[in-house]
Amino acid sequence: MDFLVTLAEGFIGMFQEGGDTFIGLVTDIIPLLIALITAVNAAIKFVGEERVFNFAQKCTKYFFLRYTIFPFLAVFFLTNPMCYTFGRFLPEHKKPAFYDSTVSFVHPVTGLFPHANPAELFVYTGIAAGITDLGLSTGPLALRFLLVGIVVMLLRGVVTEFITVRMIKNRESQAENSAA
């Protein structure tokens, strides 16, 4: 009988933990996102949507800037997860690549700019703990972490844009073939 009681308590306890986790997400992440979205939209309105759009167009004209500087600015100023909203200034076929390059950069930026993704700072601090144990400075590690992150974000952006363009062309050719 005790076994069945323990089993039943464990079963319902699993759902209680799930509910607590859900409430934690609803009370932490959602209000933060709403506040950030409101602040960014207000800043865009104050500056002027056309000015912001023109700046974004200049930053995204060339692939090198589109997948290095633009995501860096998004992550640095808007932090994770609000940084992905910068994708609204890109054409639809470039949004997946922007997202992919930006999401790959939210960890490497934490070494020098921990405000950009404080919830996942443990990734950098875990690596830095080993360096600290060796008696070495964490400054060079943070800089290398950032530089490698920029290279990775560029590579992921270029590859994802290439894949997206290929998929769009394949879909268009299939639509033409089925229509004919």
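Just so you know, these numbers come straight off a predicted model, no measurement behind them.
Criterion: ILVMFWY side-chain heavy atoms under 4.5 Å apart, direct or through other members. Under it, Val75 and Val148 are not part of a common hydrophobic cluster. Under a hydrophobic clustering in which Ile, Leu, Val, Met, Phe, Trp and Tyr are joined whenever their side-chain heavy atoms come within less than 4.5 Å, directly or via other members, Leu146 and Val151 fall into different clusters. Transitive grouping of hydrophobic side chains (ILVMFWY, heavy atoms separated by less than 4.5 Å) keeps Val165 and Val159 in distinct clusters. Tracing side-chain contacts under 4.5 Å through hydrophobic residues (I, L, V, M, F, W, Y), one never reaches Val103 starting from Val152; they form parts of separate clusters. In the hydrophobic clustering of this structure, Leu147 groups with Leu65; members are Ile, Leu, Val, Met, Phe, Trp, Tyr whose side-chain heavy atoms approach within less than 4.5 Å, directly or through other members.
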Please tabulate, one pair per line, all N/O donor-acceptor pairs under 3.5 Å involving side-chain atoms of residues 85-93, not counting sequence neighbours.
unit_1	atom_1	unit_2	atom_2	d
Thr85	OG1	Met82	O	2.7
Arg88	NH1	Asn41	OD1	3.0
Glu92	OE2	Lys95	NZ	2.7

Give the table of side-chain donor-acceptor pairs shorter than 3.5 Å for residues 4-26, with sequence neighbours excluded, one pair per line with atom names and distance.
unit_1	atom_1	unit_2	atom_2	d
Thr6	OG1	Asp2	O	2.9
Thr21	OG1	Glu17	O	2.9

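The aromatic rings of Tyr84 and Tyr99 sit tilted, their planes meeting at an angle between 30° and 60°. The aromatic rings of Phe98 and Phe70 sit tilted relative to each other, their planes meeting at an angle between 30° and 60°.
The shortest non-hydrogen separation linking Val158 to Tyr67 is N-CD1, 4.0 Å. Cys83 and Ala74 get closest at one heavy-atom pair: CB-O, 3.3 Å.
For Phe64, the CZ atom counts as loosely surrounded, since its 6.0 Å shell holds 12 or fewer non-hydrogen atoms of other residues, nucleotides or ligands.
Of the candidates Thr110, Thr138, Leu112, Thr110 is the only one forming a side chain to side chain contact (heavy atoms under 4.5 Å, CB included) with Phe145. Partner Leu141 forms a side chain to side chain contact (heavy atoms under 4.5 Å, CB included) with one of Leu136, Thr132, Ile131 and no other, that one being Ile131. Paired with Pro71 under the rule side chain to side chain contact (heavy atoms under 4.5 Å, CB included), one option of Arg156, Met153, Arg66 passes, and it is Met153. Of the residues Thr164, Asn170, Ile163, the one that meets the side chain to side chain contact (heavy atoms under 4.5 Å, CB included) test with Met167 is Ile163.
When side chains are defined from C-beta on, Phe122 counts as touching Thr125, because their heavy atoms get closer than 4.5 Å.
If you take CG on Leu154 and CD1 on Ile69, they are separated by 10.5 Å, rounding to the nearest 0.5 Å. The line from OH of Tyr124 to CZ of Phe113 is 12.0 Å long, rounded to the nearest 0.5 Å.
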Legend entry - Residues Thr79, Asn117; criterion side-chain contact (heavy atoms from CB on, under 4.5 Å); working and verdict: CA-CA 6 Å; Thr79 72; Asn117 194 12; over 6 Å; no
